[in-house]
Colleague: 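The following block contains the structure, expressed as structure tokens.
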Amino acid sequence: MAVYTLTGFSLVSLLSFGYLSWDWMKAGSGGGKVPAVGRDGARGKPPHIIFILADDLGFHDVGYHNSDIHTPTMDRLAAEGVQLENYYIQPICTPSRSQLITGRYQIHTGLQHSIIRPRQPNCLPLDQVTLPQKLQEAGYSTHMIGKWHLGFYKKECLPTRRGFDTFFGTLTGSTDYYTYDNCDGPGVCGFDLHDGENVAWEYSGKYSTSLYAKKVTKVLASHSPKEPLFIYVAFQAVHTPLQSPKEYIYQYRSFGNVARRKYAAMVTCMDEAIKNITLALKKYGYYNNSILIFSTDNGGQPFWGGNNWPLRGRKGTYWEGGIRGIGFVHSPLIKKKRRVSKSLVHITDWYPTLVSLARGNITESPPLDGYNLWSTISEGKKSPRTEILHNIDPLHSHAKFGTWEEGHSLWNTAIQAGIRVGDWKLLTGDPGYSDWVPLQTLPTLPGSWWNLERQRAGHRRSLWLFNITADPYEREEVSSKHPKVVKRLLARLAYYDSTSIPVRYPAEDPRANPELNGGAWGPWASEDDDDQGERGTVKHKSKKKSCKICKLKSFFKKLNTRIMSNRI
């Protein structure tokens, strides 16, 4: 055993980053209560928290990144607060929402593959303590308005059972902005707008972006600003279908690309909704003790008007265009305002940051993957985050040219995965569509949606390394120049994989068809049905005879346990 242990440590030394350099006692996962930050100082009242999440908003789709897009409210809020310019989310809807609400990477909730689809008996694992539940424990009134997309097959999965006092919005991933109809395949269509746990048929015909802003105002008007309040506003905008009130389209009449024109109008409509929410915060006495956070859930989709220029890739990819998002924090409570922050921030960080501000207890076992970043945001202090696991998806189609040998017997490079450590970003497997897509302002021509800047080289690759600080647009692949860095990051992927839980991705259930449930999407399974965790898991198929990696994983699992229990 002594020889094996020494062998393990020598391998760690070889991979100089190694496992032992990892901050096992993570700052973001630390326990204890943290004083609230109010206008009266550390002893002030806990702040009101308004978290606004946009859907499919591209990196180039806000005014302060692109003056062709009219977002005066967001521009002002970001300019007066802290603009997050090194902010990361996930490439698609469900993973970002799950990480926001749990503070954990998707490999730790079983949601590392795709989204939760309307007919899947799946939801955010019921054993996860959610952000609104923690805020409820701290005395907050919690409200959600907008898109859930974290599963609803059983009533226990609904927002009102996961920590929200009230819910008004949609359960699925996409609906018509006016009729709230959603089809999950031919002939499988239903209505999806809910007030609490009831279907809200009476709101059909009202545009969702404006309706949601009015619902936020109603919550503010009916609540006392003396009591702490959390509102999670998850706009449907600017996800497809591309629908906007006509009055917002005219200002973009010069955009020859019709999809881009409609998309831009939807962005401006959302900006006005955010303006109305901000005015309501001031009108009803919340603003001076409030924190407003804005975030995208993933990158934009150029097929449908979005744009991530000059970043590479799009929604659904692990290129920067899919995972680097727009984000800002606006609050009178920020000590150093009017800043552009380059500190590394990830969507999992909101959970410990907000629970800490609320004076909640963030002791969790196992530890969270997020960090408390309030001092980084408010005071400009150095971020404790130095690393992000973008994801490991063992069910994604394996890259044709990936091998264990290319992964130095540490990692199968055929598996889709992405990680950032310091300045370095490593991708393996198939990261997704890899081109840069310039602005789509020209008319749509037959057979050509847009002008593309295509990268011809590297299509047979299954491993990429970038210095993402020096090369944020991912134009120079440098794995051959830095083999030691590649090994270090592959080792980190192997460690993370050893901590992952089985994928939850069950087959569709025919009982979910809205025709069998009164014409609306909603829970269809009995509360006595087996939990989706066992029936819907898919085990990671790994290389069985790779004894070195199996022993290495086992060793570091045991080492981690011993360190965390202070036995060494």
Colleague: Give a yes or no on whether the backbone of Ala273 and the side-chain of Tyr212 come within a donor-acceptor separation of less than 3.5 Å.
Modeller: no
Colleague: Checking side chain to side chain donor-acceptor pair (under 3.5 Å) for the pair Thr166/His143: CA distance, chi angles, key distance, verdict?
Modeller: CA-CA 5 Å; Thr166 68; His143 306 269; 2.6 Å; yes
Colleague: Set out, in order, the CA-CA distance, both residues' side-chain angles and the distance that settles side chain to side chain donor-acceptor pair (under 3.5 Å) for Thr499 and His108, then state yes or no.
Modeller: CA-CA 7 Å; Thr499 71; His108 296 145; 2.7 Å; yes
Colleague: For Ala358 and Tyr140, which heavy atoms make the closest approach, and how far apart are they?
Modeller: CB-CE1, 3.3 Å
Colleague: Take the angle between the ring planes of Phe191 and Trp201 and call it parallel below 30°, perpendicular above 60°, tilted in between.
Modeller: parallel
Colleague: Name all residues meeting the side chain to side chain donor-acceptor pair (under 3.5 Å) criterion together with Asn513; count only those two or more places apart in sequence or in a different chain, and write none if there are none.
Modeller: none
Colleague: Can you name the salt bridge (Lys or Arg N to Asp or Glu O under 4.0 Å) partners of Asp192, sequence neighbours left out?
Modeller: none
Colleague: Could you go step by step and tell me if Asp435 and Arg312 meet the salt bridge (charged side-chain N to carboxylate O under 4.0 Å, His left out) rule?
Modeller: CA-CA 6 Å; Asp435 287 336; Arg312 185 177 184 177; over 6 Å; no
Colleague: If you count the non-hydrogen atoms of other residues, nucleotides and ligands that lie under 6.0 Å from NZ in Lys215, is the total more than 12?
Modeller: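 It does: Lys215 NZ has more than 12 such atoms within range.
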Colleague: Enumerate donor-acceptor pairs with a distance under 3.5 Å from any side-chain N or O in residues 230-240 to protein atoms, sequence neighbours excluded.
Modeller:
from   : atom 1 : to     : atom 2 : distance (Å)
Gln236 : OE1    : Ser208 : OG     : 2.8
Gln236 : NE2    : Thr175 : O      : 2.5
Gln236 : NE2    : Thr175 : OG1    : 3.4

Colleague: Measuring from His65:NE2 to Asp75:CG, what's the distance to the nearest 0.5 Å?
Modeller: 9.5 Å
Colleague: CD1 of Ile101 to CG of Leu131: how many Å apart, nearest 0.5 Å?
Modeller: 6.5 Å
Colleague: Of all the heavy-atom pairs spanning Val437 and Tyr433, show the shortest one and how long it is.
Modeller: CG2-CE2, 4.3 Å
Colleague: Hey, could you give me each pair passing side-chain hydrogen bond (donor to acceptor under 3.5 Å, both in side chains) that has a residue in residues 514-524? Not counting sequence neighbours.
Modeller: Asp509-Trp524
Colleague: Rounded to the nearest 0.5 Å, how far does CD1 of Ile89 lie from NE2 of His390?
Modeller: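 Rounded to the nearest 0.5 Å, the NE2-CD1 separation comes to 10.0 Å.
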Colleague: Got a donor-acceptor contact below 3.5 angstrom from the His149 side chain to the Ile116 backbone?
Modeller: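 Checked: pair present.
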Colleague: What's the separation between atom CD1 in Ile419 and atom CG in Leu427, rounded to the nearest 0.5 Å?
Modeller: 10.5 Å
Colleague: Would you mind checking if Glu156 and Arg162 are paired as a salt bridge, meaning a charged N to carboxylate O distance below 4.0 Å?
Modeller: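 So Arg162 does not pair with Glu156 through a salt bridge.
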Colleague: Quick check: Trp436 with Trp319 (ring centres under 6.0 Å apart)?
Modeller: no
Colleague: Any chance you could measure Ile69, atom CD1, to Asp61, atom CG, to the nearest 0.5 Å?
Modeller: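 Going from CD1 on Ile69 over to CG on Asp61, the span is 5.5 Å.
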Colleague: Evaluate Leu281 against Leu220 for side-chain contact (heavy atoms from CB on, under 4.5 Å), listing each step before the verdict.
Modeller: CA-CA 7 Å; Leu281 287 171; Leu220 294 172; 3.9 Å; yes
Colleague: Which residues pass the ring pair (Phe, Tyr, Trp, His ring centres under 6.0 Å) test with Tyr248, not counting sequence neighbours?
Modeller: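 In terms of ring pair (Phe, Tyr, Trp, His ring centres under 6.0 Å), with neighbours along the sequence ignored, Tyr248 is linked to no residue.
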Colleague: Once salt bridge (Lys or Arg N to Asp or Glu O under 4.0 Å) is applied, do any residues pair with Lys147, and if so which ones, sequence neighbours excluded?
Modeller: Asp55
Colleague: Is the backbone N or O of Asn298 less than 3.5 Å from a side-chain atom of Ser96, with the two atoms forming a donor-acceptor pair by type?
Modeller: no
Colleague: Mind checking what makes salt bridge (Lys or Arg N to Asp or Glu O under 4.0 Å) contact with Glu137, not counting sequence neighbours?
Modeller: Lys134
Colleague: Tell me every residue that passes side-chain contact (heavy atoms from CB on, under 4.5 Å) with Thr102, counting only those two or more places apart in sequence or in another chain.
Modeller: Arg104, Thr109, Leu124, Gln128
Colleague: Enumerate the residue pairs fulfilling salt bridge (charged side-chain N to carboxylate O under 4.0 Å, His left out) with a member in residues 292-311, sequence neighbours excluded, ordered by first and then second residue.
Modeller: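 Of all non-adjacent pairs touching residues 292-311, those that pass salt bridge (charged side-chain N to carboxylate O under 4.0 Å, His left out) are Arg97-Asp297.
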Colleague: Output every pair passing salt bridge (charged side-chain N to carboxylate O under 4.0 Å, His left out) with a member in residues 265-281, not counting sequence neighbours, ordered by first then second residue.
Modeller: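 Sorted result for residues 265-281: empty, none.
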Colleague: Kindly indicate whether the side chain of Tyr351, heavy atoms from C-beta on, has any atom under 4.5 Å from the side chain of Leu100.
Modeller: no
Colleague: Using the ring pair (Phe, Tyr, Trp, His ring centres under 6.0 Å) criterion, which residues pair with Phe168? Sequence neighbours excluded.
Modeller: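 For Phe168, the residues satisfying ring pair (Phe, Tyr, Trp, His ring centres under 6.0 Å) (neighbours in sequence not counted) are Tyr203.
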Colleague: Does NZ or CZ of Arg261 lie under 6.0 Å from the centre of the six-membered ring of Phe255, at an angle within 45° of the ring axis?
Modeller: no
Colleague: So, for Tyr88 and Ile468, which heavy atoms are closest and what is the spacing to 0.1 Å?
Modeller: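 Smallest heavy-atom distance, with atoms named: OH-CG1, 4.4 Å.
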Colleague: Calculate, to the nearest 0.5 Å, the distance between atoms CG and CD1 belonging to Leu292 and Ile277 respectively.
Modeller: 7.5 Å
Colleague: Can any side-chain N or O of Asn257 pair as donor or acceptor with the backbone N or O of Arg260 at less than 3.5 Å?
Modeller: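 Yes; at least one donor-acceptor contact below 3.5 Å.
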Colleague: Give a yes or no answer on whether the side chain of Asp393 reaches the backbone of Leu395 with a donor-acceptor pair at less than 3.5 Å.
Modeller: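 Confirmed, Asp393 side chain pairs with Leu395 backbone.
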Colleague: Looking only at side chains, do Ser244 and Tyr177 share a donor and an acceptor under 3.5 Å apart?
Modeller: no
Colleague: Decide side-chain contact (heavy atoms from CB on, under 4.5 Å) for Leu389 and Leu493; before the verdict, give the C-alpha distance in whole Å, the side-chain angles of both, and the deciding distance to 0.1 Å.
Modeller: CA-CA 8 Å; Leu389 176 70; Leu493 281 178; 3.8 Å; yes
Colleague: Would you indicate whether Tyr473, at its atom OH, is surrounded by more than 12 heavy atoms from other residues, nucleotides or ligands within a distance under 6.0 Å?
Modeller: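 At most 12 heavy atoms, drawn from other residues, nucleotides or ligands, come within 6.0 Å of this atom.
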Colleague: Between the side chain of Gln120 and the main-chain N/O of Glu508, is any donor-acceptor distance below 3.5 Å?
Modeller: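 Not at all, since once roles are kept as given, no pair shorter than 3.5 Å links the two residues.
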Colleague: Check the angle between the aromatic planes of Phe328 and Phe294 and answer parallel, tilted or perpendicular using the 30° and 60° thresholds.
Modeller: parallel
Colleague: Using atom types as modelled and distance alone, determine if a side-chain donor or acceptor of His48 lies under 3.5 Å from a backbone N or O of Tyr286.
Modeller: no
Colleague: Once salt bridge (charged side-chain N to carboxylate O under 4.0 Å, His left out) is applied, what residue pairs with a partner in residues 163-187 remain, sequence neighbours excluded?
Modeller: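 Sorted result for residues 163-187: Arg119-Asp184.
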Colleague: Look at the side chain of Asn66 and the backbone N and O of Gly63, then say whether any donor-acceptor pair between them is shorter than 3.5 Å.
Modeller: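 A pair under 3.5 Å: no.
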Colleague: For Tyr64 and Arg76, run side chain to side chain donor-acceptor pair (under 3.5 Å): C-alpha distance rounded to whole Å, both residues' side-chain angles, the deciding distance at 0.1 Å, then the answer.
Modeller: CA-CA 9 Å; Tyr64 61 81; Arg76 178 180 58 79; over 6 Å; no
Colleague: Do His346 and Tyr105 pass the ring-ring contact (aromatic ring centres under 6.0 Å, His included) test, and can you show the C-alpha distance, the side-chain angles, and the key distance before you say yes or no?
Modeller: CA-CA 10 Å; His346 187 249; Tyr105 291 141; 5.7 Å; yes
Colleague: Any side-chain to backbone donor/acceptor pair from Asn308 onto Gly300? Under 3.5 Å, distance only.
Modeller: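 Yes, the answer is positive, given that a donor and an acceptor are paired below the 3.5 Å cut-off.
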Colleague: What are the two closest non-hydrogen atoms of Pro394 and Val503, and how far apart are they?
Modeller: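 Residues Pro394 and Val503, closest heavy atoms: CG-CG2, 3.8 Å.
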Colleague: Between the main-chain N or O of Gln133 and the side-chain N or O of Thr130, is there a donor-acceptor pair closer than 3.5 Å?
Modeller: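 Answer holds: yes.
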Colleague: Between Thr413 and Ser462, is there a side-chain donor-acceptor contact under 3.5 Å, judged purely by atom types and distance?
Modeller: yes
